[in-house]
Amino acid sequence: ADQPWVSVIKGSVPESFSQGFPERIAFAHIDMNHPAHEAVALNKILPCLSPGGCIVFDNYGWWFYSSQKKVLDPIADQHNLSILELPTGQGLLLKR
């Protein structure tokens, strides 16, 4: 409550986006373990991502969650970006 630049919006993705969404995003951490919802979130976040901004994806490189990688990679490609698979199994996207 003492951080006026922080807004907590309760709800599920993507329904909660209509309650408020930032114009610019410098950092996002996407960890929903649901490919369709992660794809919707990435499509909404990428146009708002600031140059030099980054997105961390949890479980991106783990085989059990490979369906997430399969839906996220084409979205990044559409924006001429790519997701780096980290040794931790996470993915990292940096916007130039």
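All residue numbers in this chain count up from 1 along the given sequence.
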Under the criterion side-chain contact (heavy atoms from CB on, under 4.5 Å), which of Leu49, Ile55, Val71 is the partner of Leu42? Ile55
Can you name the closest pair of heavy atoms from Ala76 and Leu93 and give their distance? CB-CD1, 4.0 Å
Which heavy atom of Pro22 sits nearest a heavy atom of Cys48, and at what distance? O-SG, 3.7 Å
For residues 36-46, pull every pair meeting salt bridge (Lys or Arg N to Asp or Glu O under 4.0 Å), keeping only residues two or more places apart or in separate chains. none
To the nearest 0.5 angstrom, please state how far the NZ atom of Lys95 sits from the OG atom of Ser50. 7.5 Å
I'd like to know whether Asn33 forms a side-chain contact (heavy atoms from CB on, under 4.5 Å) with Gln68, so could you lay out the CA-CA distance, the side-chain angles of the two residues, the decisive distance to 0.1 Å, and finally the verdict. CA-CA 8 Å; Asn33 298 333; Gln68 291 170 233; 4.0 Å; yes
Between Tyr60 and Gln90, what is the shortest heavy-atom contact and its length? CB-C, 3.9 Å
Applying salt bridge (Lys or Arg N to Asp or Glu O under 4.0 Å), name anything that partners Asp31, two or more places apart in sequence or on another chain. none
Once rounded to the nearest 0.5 Å, what's the spacing between atom CD1 of Ile9 and atom OG of Ser18? 9.0 Å
Minimum heavy-atom distance between Ala41 and Met32, given as atom pair plus value: CB-CE, 3.6 Å
Who passes side-chain hydrogen bond (donor to acceptor under 3.5 Å, both in side chains) against Asp58, sequence neighbours left out? none
Compare every heavy atom of Pro14 with every heavy atom of Val40, then report the nearest pair and how far apart it is. CG1-CB, 3.3 Å
Go through the structure and list residues passing ring-ring contact (aromatic ring centres under 6.0 Å, His included) with His79, not counting sequence neighbours. none
Test side-chain contact (heavy atoms from CB on, under 4.5 Å) on Lys10 and Gln19; report intermediate values, then the result. CA-CA 9 Å; Lys10 294 181 182 181; Gln19 298 175 39; 5.9 Å; no
Are there over 12 heavy-atom neighbours, none belonging to Gln78, within less than 6.0 Å of that residue's CD? yes
Spatial distance of atom CG (Asn59) from atom OG (Ser67) [nearest 0.5 Å]: 10.5 Å
Residue pairs fulfilling ring-ring contact (aromatic ring centres under 6.0 Å, His included) with at least one residue in residues 3-45, sequence neighbours excluded: Phe17-Phe21, His34-His37
Scanning both residues in full, the closest heavy-atom pair of Trp62 with Thr88 reads CZ2-O, 3.0 Å
Which residues satisfy the side-chain hydrogen bond (donor to acceptor under 3.5 Å, both in side chains) test with Ser12, sequence neighbours excluded? Glu15
side-chain contact (heavy atoms from CB on, under 4.5 Å) with Leu81: of Ile75, Leu94, Leu46, Asp73, only one passes, and it is Leu46
